[in-house]
Amino acid sequence: MRIFNWLAELRYRNEILYRLGLMHFIVFFLLLFMLVLDGRQVLGINTWIKPMKFSLSIGIYSWTVGWMMFDLQASKKWNRGLSWTIALSMILEFIVILFQASRATRSHFNFDTDMDGILFGIMGIMILVNTLAIALLFLLYLRKLPHLDRVYLTAVRVGILLFLVASYVGKIMVDNVAHSVGGEDGGPGLPFLNWSMEFGDLRVAHFLGLHALQIIPLFAYFQKKYTRLTPSSRILYLIIFTVLYSGIFALIYYQALQGHPFIARFSGNG
């Protein structure tokens with residue numbers, strides 16, 4: 001089956017990040033049981049939803065970066081060093097999220113006790129380490145890589161760059177000590193994602209920018225695989241797609257800053 005061939009290729013490309021992603025996907029399914037068994041809530045949602053979201057996100061992220069790193073054709077020493085840096089930073093961040101969920105308390109923006117503040121600080125350091133690792137990945141991708149399709153290479157560079165911009169949105173949330181704008185964190189939100197339906201929520205733009213890491217390169221990949229467009233036409237469509245994607249990202253970010261929700265709650269009045 002194609003999926004197993006793809007997984008085998010992924011493991012061959014970067015076993016460290018392959019195992020990291022697989023581990024987080026397994027944890028996601030284990031947390032489904034906790035969701036059913038444990039009804040405690042944090043900020044109006046089940047305490048296990050946040051680690052479930054992060055397990056999926058880290059799993060996808062790990063496999064994406066592992067795939068990309070192989071194409072750099074860097075030395076084994078560089079590859080392993082960068083892979084372990086990303087893996088350890090993600091594991092430590094997720095352990096904190098999981099631990100705080102087990103206590104039915106917030107993992108982010110939580111300074112209620114000294115321990116909560118220290119744990120949030122650890123998460124912040126791990127996120128910074130990971131961001132610096134991806135910044136290094138971006139610099140490595142700026143080199144000439146003649147073995148890669150030119151349009152795909154451009155898409156990867158753009159995807160990593162938007163990821164880094166979205167990481168800065170994460171810093172803004174830390175500076176704000178909240179992800180909501182115009183109100184307190186919590187309250188009615190979209191199912192599972194829990195994006196606020198009452199106030200501006202910076203997590204929406206953060207999410208969209210981070211996943212440019214997958215979406216932009218996949219657009220270029222599917223263009224090449226399923227169309228007969230010339231390279232010049234493909235790069236033109238990539239530019240159009242990137243401008244539209246970036247525009248939506250900027251608009252959603254601006255909307256959140258104005259205190260407006262991504263999707264407003266239907267009040268049922270009038």
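Note on ring orientation: taking the six-membered ring where Trp is involved, the planes of Phe222 and Tyr226 are parallel (angle under 30°, cut-offs 30° and 60°). Ring orientation note: the planes of His211 and Phe207 are tilted relative to one another, at an angle of 30° to 60°. Classification of the Trp6-Trp67 ring pair by plane angle, with boundaries at 30° and 60°, yields parallel.
With hydrogens and angles ignored, the 3.5 Å screen pairs no side-chain donor or acceptor of Ser83 with any backbone N or O of Arg80. Distance alone, capped at 3.5 Å, is enough to place a donor-acceptor pair between the His206 side chain and the Ala166 backbone. A donor-acceptor pair is defined here as one N or O able to donate and one able to accept, closer than 3.5 Å; such a pair exists between the side chain of Gln255 and the backbone of Pro261. The main-chain N or O of Ser89 is never found under 3.5 Å from a side-chain atom of Asn130 such that the two would form a donor-acceptor pair. A distance-only check finds a donor-acceptor pair linking the side chain of His147 to the backbone of Asp71 [under 3.5 Å]. No side-chain donor-acceptor contact under 3.5 Å links Asn79 to the backbone of Ala74. Of the possible polar contacts, none joining the Thr105 side chain to the Gln100 backbone as a donor-acceptor pair under 3.5 Å is found. For Arg13 (side chain) and Met69 (main-chain N/O), no donor-acceptor pair under 3.5 Å exists by modelled atom type. Checking side-chain atoms of Tyr141 against main-chain N and O of Met68 turns up a donor-acceptor pair under 3.5 Å.
Across Ile86 and Ala133, no two heavy atoms sit closer than the pair CG1-CB, 3.8 Å. Scanning all heavy atoms of the two residues, the minimum distance from Phe28 to Met52 falls at CD1-O, 3.5 Å. Taking both residues in full, the closest heavy atoms of Ile16 and Ala87 are given as CG2-CB, 4.1 Å, listed atom of the first, atom of the second, then distance. Of all heavy-atom pairs between Gly59 and Phe25, the closest is C-CZ, 3.5 Å. In terms of heavy-atom proximity, Gln214 sits nearest to Tyr61 at NE2-CA, 4.1 Å. For the residue pair Asp38 and Trp48, the shortest heavy atom distance occurs at OD2-NE1, 3.0 Å.
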- Query: Could you go step by step and tell me if Phe163 and Phe138 meet the ring pair (Phe, Tyr, Trp, His ring centres under 6.0 Å) rule?
  - Reply: CA-CA 10 Å; Phe163 177 95; Phe138 177 70; over 10 Å; no
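Pairs of residues two or more places apart, or lying in two chains, that qualify as salt bridge (charged side-chain N to carboxylate O under 4.0 Å, His left out) and include a residue from residues 97-107 are Arg103-Asp116, Arg106-Asp112.
In this structure the side chain of Val96 never reaches within 4.5 angstrom of the side chain of Phe120, judged on heavy atoms. Using a 4.5 Å heavy-atom cutoff, the side chains of Ile97 and Met123 are in contact.
Using a 4.5 Å cut-off between side-chain heavy atoms of Ile, Leu, Val, Met, Phe, Trp and Tyr, with links allowed through other members, Phe29 and Ile60 fall into the same hydrophobic cluster.
The local environment of NZ in Lys53 is crowded, with over 12 non-hydrogen atoms from other residues, nucleotides or ligands closer than 6.0 Å.
Taking the ring centroids of Phe219 and Tyr237, they lie at or beyond the 6.0 Å cut-off.
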